[in-house]
Amino acid sequence: MITAWIIAETTGIVNTVLGFFARGGLFMWPLLACSIVSVTTMILRGLALKRKQVMPPAIEEEIERLAPGESPERLSRLVHYDRSSLARVVRVALQHLRAPRSENVEAVQTRARHEMVRLERGLIVLEVIVGIAPLLGLIGAVSGLVHVFSHLGLSAGASDTRQIALGIAEALNATVFGLSIAVPTLIGFTYFSRKVEVMSVEMETLVVELINKLYYGRSSREFEPAKAPPTAGVSIPTPVA
């Protein structure tokens with residue numbers, strides 16, 4: 001009994017959804033593709049932007065534990081095989097440790113910009129869907145209205161008025177579907193953009209703290225190239241005419 005009721009309800013829902021798509025017109029299928037892409041992108045971004053995937057707690061704790069001027073051997077072992085964004089930025093800082101501080105900071109900033117691009121991957125897709133989904137819905141509604149009014153006769157009876165109302169209601173299905181895609185996609189885009197921004201600030205704070213500890217007590221003259229000693233006591237004879 002319960003199984004038969006579930007099958008009947010499922011069949012009714014499927015028929016309703018298929019009827020909704022059929023009445024919405026041709027533009028419902030691009031909107032369906034947008035919804036699938038949006039959901040897939042948000043799921044993938046949600047998995048990729050987990051905090052422990054971007055900023056592993058072990059590396060954070062080691063940076064905070066590291067004493068100023070202490071050897072970063074343990075930190076170097078932690079980030080050597082780690083594939084997180086924080087580990088890649090820290091590796092660049094450790095690889096340029098023998099360079100002057102300004103060059104190290106420049107190399108770290110370059111790598112951090114690259115990691116930001118990696119973290120923001122896929123967000124442009126959500127931004128595009130937020131823009132085009134309502135427009136596709138509007139085009140579908142206008143197309144449906146054109147189709148309705150093109151079949152109007154010269155008479156305007158009660159039956160014609162009813163058909164016009166039904167046709168307009170069906171034409172607005174595309175608009176409803178487009179807005180129902182754009183709203184959750186906009187929420188996902190805003191959430192992930194804010195999450196990337198927050199993690200980038202936290203990562204920058206950790207790396208700046210690490211560089212300050214690595215260069216603690218090191219003079220800037222330590223990295224200057226040695227100058228050649230002056231040639232004292234050597235006189236150049238003046239040529240005699």
Side-chain angles (χ1 to χ4, degrees), residues 37-132 184-227:
V37 172
S38 175
V39 171
T40 304
T41 303
M42 285 191 287
I43 292 174
L44 294 177
R45 286 294 87 196
L47 296 175
L49 292 178
K50 288 182 178 180
R51 182 180 177 85
K52 64 180 181 179
Q53 298 290 339
V54 180
M55 304 174 61
I59 299 179
E60 287 188 69
E61 294 173 1
E62 180 61 24
I63 293 176
E64 294 174 354
R65 186 206 61 81
L66 189 68
E70 183 182 353
S71 175
E73 293 182 4
R74 182 177 174 183
L75 179 62
S76 179
R77 289 194 300 268
L78 282 176
V79 303
H80 187 68
Y81 295 106
D82 198 291
R83 301 182 62 182
S84 64
S85 296
L86 179 60
R88 285 190 284 263
V89 175
V90 171
R91 276 203 300 268
V92 171
L94 296 178
Q95 289 170 0
H96 293 79
L97 193 56
R98 294 183 178 274
R101 176 171 180 160
S102 59
E103 294 183 8
N104 197 337
V105 170
E106 184 178 354
V108 167
Q109 290 176 346
T110 302
R111 185 64 196 186
R113 286 193 295 267
H114 179 71
E115 292 301 323
M116 283 293 298
V117 172
R118 291 172 61 94
L119 293 177
E120 292 176 347
R121 184 182 304 168
L123 297 185
I124 184 63
V125 176
L126 299 180
E127 187 177 8
V128 170
I129 292 177
V130 169
I132 67 173
T185 304
L186 177 60
I187 294 173
F189 172 75
T190 305
Y191 171 74
F192 289 125
S193 298
R194 180 61 179 169
K195 191 171 185 178
V196 169
E197 182 181 352
V198 170
M199 287 194 295
S200 66
V201 172
E202 293 178 353
M203 193 184 308
E204 179 183 359
T205 303
L206 282 172
V207 175
V208 169
E209 179 183 355
L210 173 63
I211 291 178
N212 289 336
K213 290 180 177 180
L214 293 177
Y215 283 85
Y216 178 80
R218 301 173 69 176
S219 174
S220 59
R221 294 183 178 180
E222 181 180 347
F223 305 100
E224 292 181 358
K227 296 181 180 180

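Note that the structure is predicted; figures quoted are calculated from it, not measured.
Every residue two or more places apart in sequence or in another chain that forms a salt bridge (Lys or Arg N to Asp or Glu O under 4.0 Å) with E70 is listed here: R65. Applying the side chain to side chain donor-acceptor pair (under 3.5 Å) rule to R91 yields no partners; only residues at least two apart in sequence or on another chain are considered. Residues satisfying the side chain to side chain contact (heavy atoms under 4.5 Å, CB included) test with S200, not counting sequence neighbours, are M116. Here E61 pairs with nothing under the salt bridge (Lys or Arg N to Asp or Glu O under 4.0 Å) rule; sequence neighbours left out. Annotation: side chain to side chain contact (heavy atoms under 4.5 Å, CB included) contacts of T110 (sequence neighbours excluded): R113. Residues passing the side chain to side chain contact (heavy atoms under 4.5 Å, CB included) test with A58: none are found, sequence neighbours excluded. With sequence neighbours left out, the side chain to side chain contact (heavy atoms under 4.5 Å, CB included) criterion links L186 to V130, T190.
Between M203 and V89, the shortest heavy-atom contact is SD-CG2, 4.1 Å. Among all heavy-atom pairs drawn from A48 and V54, the shortest one is O-CG2, 3.8 Å. Taking both residues in full, the closest heavy atoms of L66 and P72 are given as CD1-CA, 4.3 Å, listed atom of the first, atom of the second, then distance. Between E127 and F189, the shortest heavy-atom distance links the atoms CB-CE1, 3.8 Å. Of all the heavy atoms in Y216 and G69, the pair that sits closest is CB-N, 3.8 Å. Annotation for E115 and S85: closest pair OE1-OG, 3.0 Å, computed over non-hydrogen atoms.
Inter-residue side-chain proximity for Y191 and M42 is flagged as unmet; no heavy-atom pair is nearer than 4.5 Å. Inter-residue side-chain proximity for L210 and L206 is flagged as unmet; no heavy-atom pair is nearer than 4.5 Å. Inter-residue side-chain proximity for N212 and R101 is flagged as met; some heavy-atom pair is nearer than 4.5 Å. The side-chain heavy atoms of L94 and L214, taken from C-beta on, include a pair separated by under 4.5 Å.
Residue pairs that meet the salt bridge (charged side-chain N to carboxylate O under 4.0 Å, His left out) test with at least one member in residues 199-215, sequence neighbours left out, are R51-E202, E209-K213. Sorted by first and then second residue, the salt bridge (charged side-chain N to carboxylate O under 4.0 Å, His left out) pairs involving residues 74-87 (not counting sequence neighbours) are E62-R74. Pairs passing the side chain to side chain donor-acceptor pair (under 3.5 Å) check and including a residue from residues 37-48, sequence neighbours excluded, read S38-T185.
Remark: F192 CZ to L44 CG distance equals 9.5 Å, nearest 0.5 Å. We find the NZ-NZ distance between K195 and K50 to be 9.0 Å, quoted to the nearest 0.5 Å. Rounded to the nearest 0.5 angstrom, N104 CG and Y215 OH are separated by 3.5 Å. The structure places CD1 of I211 at 11.0 Å from NE2 of H96, a figure rounded to the nearest 0.5 Å. Note: E106 CD to R111 CZ = 15.5 Å, rounded to the nearest 0.5 Å.
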Give the C-alpha distance, both sets of side-chain angles, the deciding distance and a yes or no for side chain to side chain contact (heavy atoms under 4.5 Å, CB included) between L49 and M199.
CA-CA 9 Å; L49 292 178; M199 287 194 295; 4.1 Å; yes
Checking M55 against S84 for the side chain to side chain contact (heavy atoms under 4.5 Å, CB included) test, could you report, in this order, the C-alpha distance in whole Å, the side-chain angles of both residues, the deciding distance, and whether it holds?
CA-CA 7 Å; M55 304 174 61; S84 64; over 6 Å; no
Candidate pair R118 and R88, rule side chain to side chain contact (heavy atoms under 4.5 Å, CB included), full reasoning:
CA-CA 12 Å; R118 291 172 61 94; R88 285 190 284 263; 3.3 Å; yes
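Formation of a donor-acceptor pair under 3.5 Å by the H80 side chain with backbone atoms of S76 is not found in this model.
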